[in-house]
Every structure is written in structure tokens, then in C-alpha cells.
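For reference, the structure is listed below as C-alpha cells.
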Amino acid sequence: MVSERTVFKDDRKLTYLNAEGADKPLISPVPAQVLDDARRYRLQRFRDQMQKADVAALLLYDPINIRYAFDCSNMQG
């Protein structure tokens, strides 16, 4: 068993995270194909709207928009 002290550096996490699962990978209940289809659909929606508006480039700075368009966060670590 991994010690809770070595897994969590922030004591607040001990109140809501399962220490027994801290060393295990997260498994998505959504099939990979569904995620891939959603990513393609979202990206195509952006591209279609850009073409419709005759826009050559798009600057996204809102984390919600970035997450929607590219399924990634802009969080820096």
C-alpha cells in the first residue's frame, strides 16, 4: 500500500480522493471510438464556421473554447 503522504502533497486532497486508487490509471467509461468521433465532429464544426465566415485563422483563449475545439486544456503546469 502506498502511503497517503507520498501520494498526495496537498492535505485537502485526502478529504475527497481515494488514496487506494491513486496509483491506478483512470479508465474512461466512454469508448475510444465515441471520443474520436466527438473530437472530429467538434473540429469540423469550427472549420465549417471559419470557412463560412471566410476566416483564415482562429485565436482561442477561453479555456472552455479550447477544450471544446481540441479536447485539451491550456492549463500550464
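- For A69, the side-chain contact (heavy atoms from CB on, under 4.5 Å) test picks out F46, L60, with sequence neighbours left out.
- In the hydrophobic cluster analysis, where Ile, Leu, Val, Met, Phe, Trp and Tyr join through side-chain heavy atoms closer than 4.5 angstrom, F70 is grouped apart from L35.
- There is a path of hydrophobic side-chain contacts, each under 4.5 Å, that joins Y68 to L58.
- Residues passing the side-chain hydrogen bond (donor to acceptor under 3.5 Å, both in side chains) test with Q51: none are found, sequence neighbours excluded.
- Note: the hydrophobic cluster containing I64 does not contain I66 (ILVMFWY, side chain heavy atoms under 4.5 Å, direct or indirect links).
- Between atom CZ of residue R42 and atom CZ of residue R47 there is a gap of 15.0 Å, rounded to the nearest 0.5 Å.
- Only one option out of K52, R45, Q44 pairs with D48 in a side-chain contact (heavy atoms from CB on, under 4.5 Å); it is Q44.
- Here R40 contributes atom CZ and L43 contributes atom CG; the two are 10.0 Å apart, rounded to the nearest 0.5 Å.
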